[in-house]
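Every number for a ligand or one of its atoms is a count from 1 in the order of the listing. When a residue number appears, it is its place in the shown sequence, counting from 1. Computed from a predicted model, the values in this text were never measured in an experiment.
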Amino acid sequence: VSAIDSAGLLQVLQRKRDGETLTDGELRQWFRAVVDGAVDDAQLGAFAMAVWLRGMTDAETRAMTLAMRDCGERMDWRQAGLDGPVLDKHSTGGVGDLTSLVLAPMVAACGGYMPMLSGRALGHTGGTLDKLAAIPGLLIEPDPRQLRRVVRDAGFALFPASSRVVPADRRLYEVRDRTATVDSIPLITASILAKKLAGGSQALALDVKCGNGANLPDARLTVPLARLLVETAASAGLRCTAWLSDMNQPLVADIGDSLEMRLALAYLRGDVLPSRLHALCMTLGCELLLLGGLAQDLEQAHERLERARSSGAAAERFMRMCRGLGGPADLLEDPARYLHPAPLRVALTATRSGTLASIDTRALGLAVQALRADAGPAGGLEAVAELGAQMESGTALAWIHARDTASLERVQPMLQRAFVIGDDAVAPPCLFHGAPLRGG
Ligand code: URA
């Protein structure tokens, strides 16, 4: 890719600002300049905003995805001596969504390999890497040799886009978070698929969130996003299936880095079975086993995955990863020793009796990010009530984990507004919205 000068950079910005279609060559030069540092944060923010406002054609989004994929190294697992398929899963971002933390070791215990390029918190949604970083001592950014070793031994790893792999996404991701440009179909598509394509997997299960806690809350945009993701992946040679899953309430009742990590361990140990998390894991996991040729039919896939968790094999895989990256060897037996609660734990109570009719999931996510900014990984919400639950006045809608009273008081009003209690019975939403979309 030939270098682009400052006049060229300006021209790319002007053309996108005016709603024109950028060429493959322009996008490749642009992202090369992003990685080289020739594009500064102001320009990158302007680019993100222009794409947000003007959109992109499907072909342009595909070209942006490939340009981002190619501006860094691509991972090649063929040399790693793996004896099973390399598989991947990604979500468009949710609240209380710890699926990757448990699905990857479950699939690994069934013979698949899941080296997953993961993200930090984005907007109001949590980040898998932040949840993992709640484990003291665990190395979040292993070097390529360490990564290969852990993937070979544990069957999975969750690691960030680095200065080597999709380096452009790392910068663009941070800039989007600060410029109100997270919720853009082309930017989400390129961000997710550039990472997944560079990650070297053979098949991908996507979880496209719908509802008021999704990155794209406008329901009219969810299906187009899922379709573009599946078609862009297929056109780049990656087999992919996308599910539309509900995010009108958190996926699990405990939200926050440490709380979710504790729940993930409890689920892998077989102590708890949160119904929506379990259903999502089984659905995405079965698809991955089928795509990877690790099961002959759905029934067999279901049985293998269920056994991987209930036998403790998945938990054992998780601990291989944890130990392999320098985390505590007794994390599974004694999580409370490492995943500490916040100093303050206070109930948010219902102000009237009735049925929990709606939850502003985005507000919950924002409150958790605010609690986390003060209390670190310990900040969060525990035992959040479910849609359709019968509440008595004065009982807990959730327990707030905060650093101090000032922090608590900052989030209490927004949390109180986030829960709406009504008189009529409410049917909880279905976990899946319609049939999955398949491509490739
Ligand atoms: N996950 C990503 O990696 N990128 C996005 O833009 C949204 C979710």
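Scanning all protein heavy atoms for the shortest distance to atom 3 (O) of ligand 1 gives Lys195 NZ, 2.6 Å.
For ligand 1, the polar-atom distance check finds no N/O of Thr92 at less than 3.5 Å from any of the ligand's N/O atoms. Checked against a 3.5 angstrom limit, the closest N/O atoms of Ser191 and ligand 1 fall inside it. Considering backbone and side-chain atoms alike, His90 places an N or O below 3.5 Å from some N or O of ligand 1.
Counted within 6.0 Å of CH2 on Trp77, heavy atoms from surrounding residues, nucleotides or ligands total more than 12; the atom is thus considered enclosed.
Side-chain atoms of Glu287 and Thr241 include a donor-acceptor pair closer than 3.5 Å.
A side-chain contact (heavy atoms from CB on, under 4.5 Å) with Leu305 holds for exactly one of Thr283, Leu289, Leu288, Leu284; it is Leu289.
Atom numbering of ligand 1 starts at 1 in the shown order; those under 4.0 Å from a heavy atom of Ile188 are 6 (O).
Within the 6.0 Å centre-distance limit, the rings of Trp30 and Phe47 are counted as a close aromatic pair.
Cation-pi contact between Arg120 and Tyr173: absent, since separation from the ring centre below 6.0 Å together with deviation from the ring axis within 45° is not met.
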